[in-house]
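A short worksheet on the structure shown next.
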Amino acid sequence: MGDFERSHSCDAISANLIDHEVVLAGWVQRRRDHGGVIFVDLRDRTGVIQVVFRPDASSKAHARAGALRSEFVLAVRGVIKHRSEETINLDIPNGDIEVVAADLALLNTASPPPFAIEDDPGVDESVRLQHRIHDLRRGPLQKNLSLRHRLTKAIRDTLCENEFTEIETPILTKSTPEGARDFLVPARQQPGEFYALPQSPQLMKQLLMIAGFERYFQIARCFRDEDQRADRQLEFTQVDLEMSFVKVENILKLLEEITWKGCLEAKGVELQRPFPRISYQDSMDRFGNDRPDTRIQLELTDLTEVFSKSDFRAFRGAVEAGGIVKCLPIHNADEISRGEIDRLEGFVKKELNARGLGWIRVAADGSWQSPIVKFLSENDKENISRITSASPGSLLIFQADTNARVNSILSRLRVDLGRRLRRVEPRDWDPLFVLDFPLFEEDEDQKLTYMHMPFVAPVEEDISLLETDPKAVRATHYDVVLNGYELGSGSLRNHRGDLQRKILGLLGYETEEMEQKFGFFLRSLETGAPPHGGFAFGLDRFAMVLAGTDNLRDVIAFPKTQRGQDLLLEAPSEIPFTLLDDLAIRVAKRKRN
RNA sequence: GGGGCGGUAGUUCAAUUGGUUAGAGCACUGGCCUGUCACGCCAGAAGUUGCGGGUUCGAAUCCCGUCCGCCCCGCCA
């Protein structure tokens, strides 16, 4: 920096400092060389301000400024001046003032940037990822990562105020039999054996409760080797927390405080409290998923009953096969053209594995236009009308299939069409708790499986149902949902070994397998485990929702591509044979190039 | 694993559908310019058309394979 000592950031320069000498440092956002006078927009992390180099102010600085190029790094000593009336630029902040340069230090040159460092660089995302350094210089990413920092801090502060202890857990850990595919790390000293990276610190935090810490949290990196999505990365960050001697209500109160504080501190948003609550069943019935955006003013209706007695074979067949029939009614839907319905059908068939798309349009004269109306009796039509509140202008969209598929297809259409038709409440934020999840669900072979994970405790009054009707047993599980995104989930855990064994038994584990996979953990419970429960926020996703983007890569400094590569570091990469040899590893199949 | 869209100069796009030397804006380089703020004007450089193979007199264009980016399904909480 030589003799230059930065005195101000760009955003600190205002008309209050007229005639003050300042020293600024940053990057050349843009240079406008008029020969006699040179303008440089100087950018630092706080903003941009115009620096003017005039020969009459400093011929030396002016001469040096001629060599400046985009992204050169510099320090400038100068005096803040009002601009003359006719040169004021009202389109930019600080457009009424400028820095008249007295001295210039070139701190570094820069290769030409691959794209303009602007809010909208207009380039393909792969280019941005390859040149992530330049990408990160852009305003939106600087803002997003700063938001993420404030969010993390707000959460950490809130947990600290609530007497949580931050404890780290291992990154090199043990492969778990359940859940997602593990990332594996070869163990050099045990040839042929592998550590696994944690999918979450779930077991560890329960052990910490058993060990008596009572309140634990961790900003934990987690790893799941599954295919990615816009809102799913291979490695991601959880705000993981667990507490002892609590009921569900205690945890929900804390989660509400954390979520509320996070939104306030990171984004200046004051969420309405208390958060609305909705049961899993209610959510599935009305919205078709367990993370509804309730601002969207469309709701599903159930017509399983009607079609179970109907002569419409296609739909009745779905019901007889154990499925359901639901409808997404859209009233005043004249703007959806016939062609659009066909496109919707193509979309759900191709992208969502739908068998088809049933629809009925109620014309202005009350008549029904539909490919399926000829299969419907007057009685059917009356019932459909009543349940869906159909009236002239209504478009009814049907799905008849398995429960899971009907709901996933219609919930997707609900969101897509609700947004497209602007059937959205004008609130910006929609937080809620989803409660009363079932403890178990059936997999495709009608086998009982856990819904979230095998350690979730049942609701106390449902414990007797474990014997008689396990599918009806409610879990102590809860989700926090914001704007249709699941921010995280948690539950009370089984702290008694006998109950945990019973549940594992219902999940189909024989004694021997149970012992082999969970013996260590079951014995841990039997050392005096306190009642405990917790939660894990998906921090990346929380930041993403607050940043108003729909892509995690916008809130992660160095994200992976959909194929799991880091285009900047070019990871993963091949490893020399000698290294592999140390690890007792031989590669069976190499990617062809 | 599957489906869809895409890959041409640093970058964003074009190339009359198989036909001469693959063009343009921005960026870049050089020159001129004392009030711009997406400065302007003049000139210039810049290409393994993702990669490999094939068809053809001739391929950015057609065919096969492959790699890469994004979105989705499966998968994953």
Side-chain angles (χ1 to χ4, degrees), chain A residues 29-42 48-57 62 66 69-71 83-92 94-95 98 100 111-118 120-131 134 178-182 199-200 202 222-234 236 238 289-291 346-354 405 408-409 412 416 434 437 444 450-453 456 477 479 481 485-491 536-538 541 550-551 553 560-565 567 570 591-593:
Chain A
Q29 175 70 17
R30 189 166 269 119
R31 177 190 63 124
R32 292 177 294 280
D33 186 346
H34 289 238
V37 60
I38 298 170
F39 301 96
V40 168
D41 294 335
L42 178 70
V48 174
I49 187 145
Q50 172 165 292
V51 181
V52 56
F53 293 91
R54 280 202 307 251
D56 55 326
H62 175 265
R69 295 292 183 271
S70 291
E71 298 307 305
R83 298 195 193 179
S84 65
E85 243 359 277
E86 63 280 8
T87 61
I88 288 176
N89 186 347
L90 294 174
D91 298 333
I92 55 173
N94 283 337
E98 63 193 2
V100 179
S111 50
F115 50 83
I117 311 302
E118 289 168 351
D120 179 10
V123 294
D124 193 78
E125 194 172 5
S126 63
V127 176
R128 289 176 40 207
L129 290 173
Q130 274 164 41
H131 304 279
H134 291 97
E178 312 299 328
R181 194 176 295 118
D182 284 316
Q199 296 182 20
S200 80
Q202 180 63 36
C222 305
F223 308 85
R224 291 176 191 165
D225 187 7
E226 298 292 347
D227 288 356
Q228 312 204 73
R229 287 287 186 283
D231 63 350
R232 265 168 32 197
Q233 283 266 313
L234 295 181
F236 59 100
Q238 281 188 350
N289 67 26
D290 59 1
R291 45 172 182 84
F347 168 75
V348 297
K349 280 165 86 168
K350 203 156 59 175
E351 298 225 1
L352 307 178
N353 295 333
R405 212 178 307 180
S408 97
I409 292 162
R412 174 71 178 267
D416 286 0
V434 183
F437 286 80
E444 52 283 5
Y450 55 84
M451 191 152 190
H452 292 95
M453 51 140 189
V456 176
H477 186 96
D479 278 2
V481 174
Y485 285 95
E486 184 201 305
L487 293 189
S489 60
S491 64
F537 280 97
R541 209 176 274 176
D550 54 11
N551 200 308
R553 293 184 296 272
K560 305 268 188 288
T561 69
Q562 191 159 48
R563 280 184 165 79
Q565 295 179 312
L567 297 184
E570 298 184 310
K591 187 173 72 176
R592 276 179 291 167
N593 281 317

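The structure presented is a predicted model; accordingly, all values stated were derived computationally and were not measured. Naming: A, B, ... by sequence-line order, numbering from 1 per chain.
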**Prompt:** Rounded to the nearest Å, what distance is computed from the CD atom of residue Gln562(A) to the P atom of nucleotide C72(B)?
**Reply:** 7 Å

**Prompt:** Out of U12(B), C37(B), C73(B), which has the shortest distance to the side chain of Asn353(A)?
**Reply:** C73(B)

**Fill in**
If pairing means Watson-Crick or G-U wobble with both distances under 3.5 Å, then the partner of U34(B) is none

**Request:** Look at the side chain of Arg30(A) and the base of C37(B), then say whether one donor and one acceptor between them are separated by less than 3.5 Å.
**Result:** no

**Request:** Pick base, sugar-phosphate or nothing for Asn551(A), based on heavy-atom distances below 4.0 Å to the nucleic acid.
**Result:** sugar-phosphate

**Message:** Looking at the base of C73(B), is there any donor atom on it, or on the side chain of Arg405(A), that sits under 3.5 Å from an acceptor on the other one?
**Reply:** no

**Message:** Looking at the base of C37(B), is there any donor atom on it, or on the side chain of Arg83(A), that sits under 3.5 Å from an acceptor on the other one?
**Reply:** yes

**Request:** Please tell me which of the listed nucleotides, G30(B), U34(B), C39(B), lies nearest to the side chain of Arg32(A)?
**Result:** C39(B)

**Message:** Just to be sure I understand the rule, does Thr87(A) reach a base, reach only the sugar-phosphate, or reach nothing, if contact means heavy atoms closer than 4.0 Å?
**Reply:** base

**Request:** Looking only at side-chain atoms of Arg553(A), point me to the closest of C72(B), A77(B), C71(B).
**Result:** C71(B)

**Message:** According to a cutoff of under 5.5 Å between the ring centres and under 30° between the ring planes, does His34(A) stack with the base of C39(B)?
**Reply:** yes

**Message:** Between the base of G69(B) and the side chain of Arg128(A), is one N or O donor paired with an acceptor at under 3.5 angstrom?
**Reply:** no

